[in-house]
Amino acid sequence: MANAEYSMRYIAPGGQVYNLLRGGRSGAFIDMGTLTGFVGEFEDAPVNTVGVAGVMVDFRDRVVNQMTGSFTLVVFSREEWVQARRDFSTRKYGTLILEGESRYVLRVRSSVSLPAPGSVPRSGTRIELSLVSDDGVWVSEVSEPDSVVTVTNWGDVPVWPRIVWDGAGGSVILPSGAELHLPTVDKQHTLHLERRESGRVYTRDGVAKEVTRKVDAVGECVPVGESRTFTIPEGARLDWEIGVFDPWI
């Protein structure tokens with residue numbers, strides 16, 4: 001993406017949209033010379049073998065840390081300054097969207113509270129912003145409604161798909177050959193196959209405990225650099241995210 005024309009938007013927790021890298025100076029914007037970071041940080045676990053020079057590194061064992069980045073936001077009125085202080089929160093997540101040849105999304109929050117101004121904000125006031133992503137990677141979102149879906153993981157971290165369905169449900173066959181059944185539901189439900197979610201099923205209202213018990217799912221992923229095939233019932237779809245450390249290349 002380094003040689004492509006790109007744009008970045010920030011969508012605040014309350015829905016306010018900031019067009020940051022392109023589109024004129026009709027509102028708050030990033031000083032491009034101040035944009036730093038926003039690239040994944042990780043730790044490898046090298047293994048030594050007695051009598052053998054060097055180490056072995058299994059990239060599947062990487063520990064992905066928080067991602068950090070910063071930039072200077074330039075605002076042109078007191079109202080924009082006040083709004084920016086609301087929109088970059090240390091507790092509530094906003095979303096950075098980077099678009100060029102591909103589209104990547106990063107969930108972020110402010111890593112520090114913004115200081116009080118030394119004077120009344122005026123046109124051209126600069127706000128130094130330091131952000132952190134607890135997810136650690138930019139993600140490219142993919143959705144596929146076919147009954148047989150092959151997921152190829154070209155990213156930097158394992159892919160943990162989600163199954164979304166509404167209505168009759170049906171049989172699901174995971175890449176390992178394990179089979180589970182999605183019960184009939186009267187609104188949209190989402191089954192998370194991520195290990196941390198322990199096969200929980202969600203609706204917009206939160207965890208659907210009864211449906212979770214009925215499904216009794218196990219977590220399965222697509223390792224980095226590999227492909228896996230999922231079979232899902234008609235009317236369902238498979239959603240997943242490809243996570244990358246560096247969307248700028």
Side-chain angles (χ1 to χ4, degrees), residues 1-11 17 38-40 42 59-60 62 64 66-67 93-108 133-167 169-180 182 185 187-204 208 215 217-249:
M1 187 177 288
N3 296 321
E5 183 179 17
Y6 55 83
S7 64
M8 181 187 284
R9 288 178 291 143
Y10 172 74
I11 302 178
V17 178
F38 297 112
V39 175
F42 57 86
F59 300 127
R60 295 173 298 180
R62 280 180 166 168
V64 180
Q66 292 174 313
M67 183 189 299
Y93 290 97
T95 304
L96 285 174
I97 301 175
L98 181 66
E99 293 183 287
E101 294 178 352
S102 302
R103 182 181 188 272
Y104 292 99
V105 175
L106 183 69
R107 195 174 62 125
V108 295
S133 168
D134 296 322
D135 299 329
V137 290
W138 293 83
V139 296
S140 178
E141 300 168 322
V142 187
S143 183
E144 180 57 66
D146 289 345
S147 295
V148 179
V149 182
T150 297
V151 178
T152 299
N153 185 0
W154 46 264
D156 296 311
V157 295
V159 168
W160 298 88
R162 303 178 299 275
I163 301 171
V164 182
W165 86 100
D166 185 1
S171 177
V172 173
I173 302 176
L174 301 177
S176 65
E179 187 171 357
L180 57 92
L182 304 178
V185 293
K187 59 183 176 181
Q188 182 171 289
H189 283 63
T190 301
L191 167 62
H192 288 250
L193 297 177
E194 184 179 346
R195 183 179 297 143
R196 290 179 298 184
E197 292 288 355
S198 301
R200 292 188 184 94
V201 177
Y202 286 84
T203 67
R204 292 183 178 180
V215 173
V218 295
E220 288 200 20
C221 74
V222 182
V224 174
E226 299 187 22
S227 297
R228 295 287 188 273
T229 298
F230 298 77
T231 301
I232 59 177
E234 184 177 351
R237 74 172 191 266
L238 197 71
D239 291 351
W240 69 95
E241 298 169 342
I242 302 292
V244 301
F245 295 135
D246 186 357
W248 310 96
I249 57 177

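Just so you know, these numbers come straight off a predicted model, no measurement behind them.
- When all heavy atoms of Gly136 and Phe245 are compared, the closest pair comes out as O-CD2, 4.3 Å.
- In this structure the side chain of Val172 reaches within 4.5 angstrom of the side chain of Pro233, judged on heavy atoms.
- Note that the CG atom of Leu98 and the CE atom of Met8 stand 5.0 Å from one another [nearest 0.5 Å].
- Of all heavy-atom pairs between Thr203 and Ala208, the closest is CG2-CB, 4.2 Å.
- When all heavy atoms are compared, the tightest approach of Gly199 to Leu191 is O-CD1, 3.4 Å.
- Of the inter-residue distances, the one linking Leu238 atom CG with Ile163 atom CD1 reads 6.0 Å to the nearest 0.5 angstrom.
- Here Ser171 contributes atom OG and Ile232 contributes atom CD1; the two are 11.5 Å apart, rounded to the nearest 0.5 Å.
- At least one side-chain heavy atom of Glu144 sits under 4.5 Å from a side-chain heavy atom of Trp240.
- Note that the CZ atom of Arg237 and the CD atom of Gln188 stand 5.0 Å from one another [nearest 0.5 Å].
- The closest donor-acceptor contact from the side chain of Ser133 to the backbone of Arg107 lies under 3.5 Å.
- The structure places OG1 of Thr231 at 5.0 Å from CD1 of Ile173, a figure rounded to the nearest 0.5 Å.
- Note on ring orientation: taking the six-membered ring where Trp is involved, the planes of Phe38 and Trp138 are perpendicular (angle over 60°, cut-offs 30° and 60°).
- Annotation for Val244 and Tyr104: closest pair CG2-CE2, 3.6 Å, computed over non-hydrogen atoms.
- Put simply, the side chain of Glu241 reaches to within 4.5 Å of the side chain of Arg162, judged on heavy atoms.
- Nearest approach of Ala217 to Leu180, heavy atoms of both residues: CB-CD2, 3.8 Å.
- Rounding to the nearest 0.5 Å gives a distance of 9.5 Å between NZ of Lys187 and CZ of Arg204.
- The side-chain heavy atoms of Val137 and Phe42, taken from C-beta on, include no pair separated by under 4.5 Å.
- The minimum heavy-atom distance between Trp160 and Gly219, with the atom names listed, is CZ3-C, 4.0 Å.
- Applying the side-chain hydrogen bond (donor to acceptor under 3.5 Å, both in side chains) test to residues at least two apart or on different chains, the pairs with a partner in residues 220-230 are Thr150-Thr229, Thr152-Ser227, Ser176-Glu220, Glu226-Arg228.
- Of the possible polar contacts, none joining the Asp146 side chain to the Val148 backbone as a donor-acceptor pair under 3.5 Å is found.
- The side-chain heavy atoms of Leu174 and Val218, taken from C-beta on, include a pair separated by under 4.5 Å.
- Other residues, nucleotides and ligands place no more than 12 heavy atoms under 6.0 Å from the CD atom of Glu234.
- Proximity of Val224 to Asp156: side-chain heavy atoms (C-beta onward) are nowhere separated by under 4.5 Å.
- Side-chain contact between Tyr202 and Glu197 is present, with heavy atoms from C-beta onward closer than 4.5 Å.
- Look at Arg103 and Glu141 and you find a salt bridge, because one of the NZ, NE, NH1 or NH2 atoms lies within 4.0 Å of a carboxylate O, short of that distance.
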